[in-house]
Number of protein chains: 2
Amino acid sequence: MNKETIQELIDRYVTTSFRVHKKAEALVKGQIGNELTNDQHYILRYIFHSGRCTSTELADVFEVNKSAITAIINRMVDKGLIERTRDMADRRVIYLTMTASGKELFLEVQKKIHLLVESIITQFEETEITVFINTYEKLAQILDDKKKEELGE
Amino acid sequence: MNKETIQELIDRYVTTSFRVHKKAEALVKGQIGNELTNDQHYILRYIFHSGRCTSTELADVFEVNKSAITAIINRMVDKGLIERTRDMADRRVIYLTMTASGKELFLEVQKKIHLLVESIITQFEETEITVFINTYEKLAQILDDKKKEELGE
DNA sequence: ATGAATAGTTAATGAGTTTAACTAATTTAA
DNA sequence: TTAAATTAGTTAAACTCATTAACTATTCAT
């Protein structure tokens, strides 16, 4: 790739990822904003898929300090969405799980988000969206590696 | 597209966009975190490309209320990065422009971010990244339309 | 058994957000 | 042409999320 092409691609990427992210988060918020913040939704989503998790794990996935997670989880425990349970084998560890009402709320919210995303991705040809997501996943993997490499230095 | 394919694509998209965004923002922050927040960087970037702008315009682009912009701009004016100047024709309007030191800082930061993004996108074939960004831009346009359509209702 | 490492919390501080009420200026329409 | 509505921006209070640094409690390692 020549230098100008690269510069142009960088600018288009930075501009577009900003545009997409802002609009997408705003649309999601429009769907779920009264019940959950976007971060809280992603935390429920993570726990839903993993069954249970720890603060350290969330801090790692969300790229923030553990104390930021403590604060978010406190709010969600106060709202009755999440429960903390100590590991009996290693008493330093606290598992986070969804309560029944947490799961119920998540499923509601999930439905709304799926409808939203569906109304968008069905505007593409299946091939185009598949190719897009494949590259997107490759990008996610490269960023993961980049992060690891940075820590290694 | 059949229902299962759609469901799978939605899940992959939601998961991947979350992963990419978190990692990317963390990497950018690692480059510029001591000088600017990510939002402040994007505001400088926007003004750099537009020459000057207003709070209302930024609120629209950033998908937040005008008072959120006021707060950010106040901090940046305090840091000497941005200046406010009243429009003489319509005295309600206040233009936001970069100071010399704002521009200097932006260019520094811009350089770091370009190196970062370059190190990532050069790991793809030119065709793949071009196709990807084309679809990404199409997605941005669809989200814009979606937003307008929502306001129209 | 003690010193280091790990998991999580607390407290202080700062950035960004929303809502609602406000000022000031401009546009509109009766 | 003036009164009402709209537009641009700010202020204040309250909330969420973030960071750093210091802390508790537990487990691991030698």
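A note on names: the letters A, B, ... follow the listed sequences, proteins ahead of strands, and every chain is numbered from 1.
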If you look at every strand shown and take non-hydrogen atoms under 4.0 Å, does [X] touch a base, only sugar-phosphate, or nothing?
X	value
Arg84(A)	sugar-phosphate
Ala26(A)	nothing
Ser55(A)	sugar-phosphate

Check your understanding: When you measure from the side chain of Arg92(A), which nucleotide among dT6(D), dT6(C), dT10(D) comes out closest?
Key -> dT6(C)

Length of the line joining [X]:[atom1] and [N]:[atom2], which is rounded to integer Å:
X	N	atom1	atom2	answer
Tyr95(A)	dT6(C)	OH	C1'	14 Å
Leu58(B)	dA8(D)	CG	P	13 Å
Asp78(A)	dC17(D)	CG	P	12 Å
Asp87(A)	dT6(C)	CG	P	17 Å
His41(A)	dC17(D)	NE2	P	14 Å

Review point. Strictly by modelled atom types, are Asp11(A) and Gln7(A) linked by a side-chain donor-acceptor pair under 3.5 Å?
Key: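 No, no side-chain donor-acceptor pair sits under 3.5 Å.
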
Study note, to complete from the structure: Contact string for nucleotides 12-18 of chain C, one letter per nucleotide 5' to 3', B = base within protein heavy-atom range under 4.0 Å, S = sugar-phosphate only, - = neither, reads ---SBBB

Review point. Of Asp90(A) and Glu57(B), whose closest DNA chain D nucleotide lies nearer the 5' terminus?
Key: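 Counting from the 5' end, the first nearest nucleotide belongs to Glu57(B).
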
Review point. Does the dT26(D) base have a donor-acceptor partner in the side chain of Arg91(A) within less than 3.5 Å?
Key: no

